[in-house]
Amino acid sequence: MDTLKRKSYKIGNNHSPVYISEDSAAFVKTWRHHIGSHKTRNVFVLLDENVEKSCPDILNLFFNEVNSKLYVKRMSGGEKLKTWNHASEICDELSALKADRSWVMVSIGGGTLSDLVGFTASIYKRGISCVFLPTSLMAMIDASIGGKNALNQGILKNQIGTYYFSEFIFVYPPFLQSLDKSELKSGYAELIKHALLHSSKSLWNKVLKQGIGVLPDMKMLADAIRVKMKIVQQDPFEKHQRLFLNFGHSFGHAIESYYNDSGQRITHGEAVAMGMQFALFLSAELELIRVEAANGFQMYIHKEFPFPKNLKFNDFLPYLHHDKKILHGKHRIILFKGFGHFTVEYLDIKKLEETYDLFIKGIA
Ligand SMILES: NC(=O)c1ccc[n+]([C@@H]2O[C@H](COP(=O)([O-])OP(=O)(O)OC[C@H]3O[C@@H](n4cnc5c(N)ncnc54)[C@H](O)[C@@H]3O)[C@@H](O)[C@H]2O)c1
């Protein structure tokens with residue numbers, strides 16, 4: 001079937017499913033199925049300005065045949081979106097419009113916008129419907145899926161958030177054509193993580209064969225999304241398996257906060273890729289996976305996302321102390337045992353620091 005190049009995919013059951021289609025008309029059908037066609041269901045669209053610049057007709061493309069009244073707020077994408085102030089500003093605007101619980105919020109943008117919209121939709125009047133139209137690779141295969149959202153607390157990543165599922169997610173791959181190369185690469189970091197979470201090597205091999213500079217095809221998007229959906233369906237509130245989706249993220253978030261705090265912007269994906277490299281090394285050190293195997297994965301990621309030789313453990317330690325996965329003062333670190341096999345280890349800072357020193361010596 002896949003060799004015949006499918007035109008569309010539906011992933012998941014009727015609870016927050018993902019649709020992938022290159023036909024924007026399919027969006028209206030999906031909208032009618034999940035939201036209905038009541039004229040009185042007003043829609044509050046949050047639109048990433050960069051997306052609109054590259055696709056000026058975007059609102060017509062998706063909403064021309066949606067019968068609702070549309071209110072549009074344009075915002076500039078990026079980490080700075082994920083603040084209390086923005087969430088509060090949106091709630092104020094919804095209040096001023098006398099928006100009630102029949103309203104639907106829509107995010108058209110990357111992962112920062114879907115995090116902000118998901119969070120705000122979850123708190124306004126204790127929850128109104130939301131729909132995601134992800135426009136970056138990161139948002140298509142990861143951020144818009146699975147019902148987690150987050151705001152940053154100052155420089156600290158994702159400290160405030162809720163679990164709140166969108167009505168549906170509509171992935172329209174042509175959006176990727178206008179995405180900056182570095183942002184495409186950023187999305188590939190999470191795609192690589194999904195490839196490691198896949199129980200077979202197929203997605204990993206495909207990434208290796210194709211490289212990460214090219215646009216993923218629909219099947220690759222679908223495969224990566226399925227990996228996340230499957231885990232989320234098994235464990236929506238992160239009691240166990242869902243933790244594995246955080247592979248590389250404890251270090252990644254801390255590294256991202258460190259660089260952003262010191263004015264050197266790096267993408268979320270670059271930070272996660274760095275975090276995964278150290279997590280792979282740690283997995284081998286703890287004898288969860290053979291050193292040669294871990295090296296192979298790490299080398300590939302390092303080639304695409306070079307780990308900075310001069311990054312010291314103490315640089316990102318202050319941010320690591322705020323990792324959401326810390327329990328009773330111990331760091332819960334996700335480690336790799338093989339394709340689709342992960343584990344959670346409780347480790348103290350001393351162990352992490354000693355291992356990091358060995359890791360960075362290897363990089364140098
Ligand atoms: N909630 C979750 O489960 C989850 C999972 C993974 C990542 N995230 C979050 O997602 C965020 C990163 O998402 P992101 O990488 O999409 O960042 P982003 O939203 O900042 O988008 C990256 C940049 O690309 C621009 N852009 C987006 N789509 C475009 C398009 N089609 N054409 C041109 N420009 C476009 C944006 O304006 C922005 O400048 C992080 O804050 C991360 O914490 C959340």
Side-chain angles (χ1 to χ4, degrees), residues 16 18 46-56 58 61 74-83 86 107-122 130 132-153 155-166 169 171-194 215 224-225 227-229 231-232 236-238 242-250 252-257 260 265-273 275 324:
S16 202
V18 179
L46 286 111
L47 173 59
D48 184 316
E49 288 170 338
N50 289 331
V51 177
E52 192 178 31
K53 259 183 226 147
S54 45
C55 181
I58 190 162
L61 194 61
R74 291 169 172 83
M75 302 188 90
S76 168
E79 270 317 299
K80 60 194 175 310
L81 272 184
K82 294 174 45 167
T83 63
H86 282 126
S107 162
I108 310 180
T112 55
L113 193 68
S114 56
D115 266 3
L116 173 68
V117 171
F119 178 78
T120 312
S122 79
C130 65
F132 295 146
L133 259 158
T135 61
S136 66
L137 180 57
M138 172 72 68
M140 288 180 186
I141 59 141
D142 200 353
S144 69
I145 301 162
K148 281 210 299 192
N149 57 57
L151 300 180
N152 299 329
Q153 197 176 13
I155 197 66
L156 299 171
K157 280 280 298 181
N158 294 354
Q159 297 288 301
I160 298 153
T162 60
Y163 287 94
Y164 193 70
F165 286 83
S166 60
I169 298 113
V171 172
Y172 180 67
F175 278 137
L176 296 178
Q177 287 161 13
S178 59
L179 197 62
D180 203 83
K181 280 262 177 269
S182 65
E183 299 298 346
L184 182 70
K185 215 172 158 188
S186 173
Y188 265 108
E190 297 283 13
L191 204 147
I192 286 173
K193 181 198 73 186
H194 289 187
L215 297 185
I225 290 168
V227 171
K228 179 156 185 182
M229 285 291 265
I231 296 173
V232 169
F237 300 110
E238 207 166 283
R242 190 168 181 166
L243 283 167
F244 304 157
L245 282 163
N246 296 306
F247 180 59
H249 282 61
S250 294
H253 281 159
I255 292 169
E256 186 177 355
S257 294
N260 289 344
R265 197 219 162 217
I266 61 168
T267 62
H268 178 63
E270 278 175 286
V272 168
K324 292 194 295 306

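Order of appearance sets the numbers: ligands from 1, and atoms from 1 within every ligand. Positions are given from 1, in the same order as the sequence printed here.
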By salt bridge (charged side-chain N to carboxylate O under 4.0 Å, His left out), K185 pairs with (sequence neighbours left out) none

Heavy-atom cut-off of under 4.0 Å around ligand 1: list whichever protein residues fall inside it, by chain and number.
D48, N50, V51, S54, G77, G78, E79, K82, G110, G111, T112, D115, T135, S136, M138, D142, A143, K148, K157, N158, F175, S178, L179, E183, K228, H268

Tell me yes or no: between the side chains of H268 and E79, is some donor less than 3.5 Å from an acceptor?
no

Salt bridge (charged side-chain N to carboxylate O under 4.0 Å, His left out) against D142, all qualifying residues, sequence neighbours excluded:
K193, K228

How about H249 and E256: does a side-chain donor come under 3.5 Å of a side-chain acceptor?
no

Sorted by chain and number, sequence neighbours left out, salt bridge (charged side-chain N to carboxylate O under 4.0 Å, His left out) with K324 holds for none

Would you say the side chain of L215 lies within less than 4.5 Å of the side chain of P173, judging by non-hydrogen atoms?
no

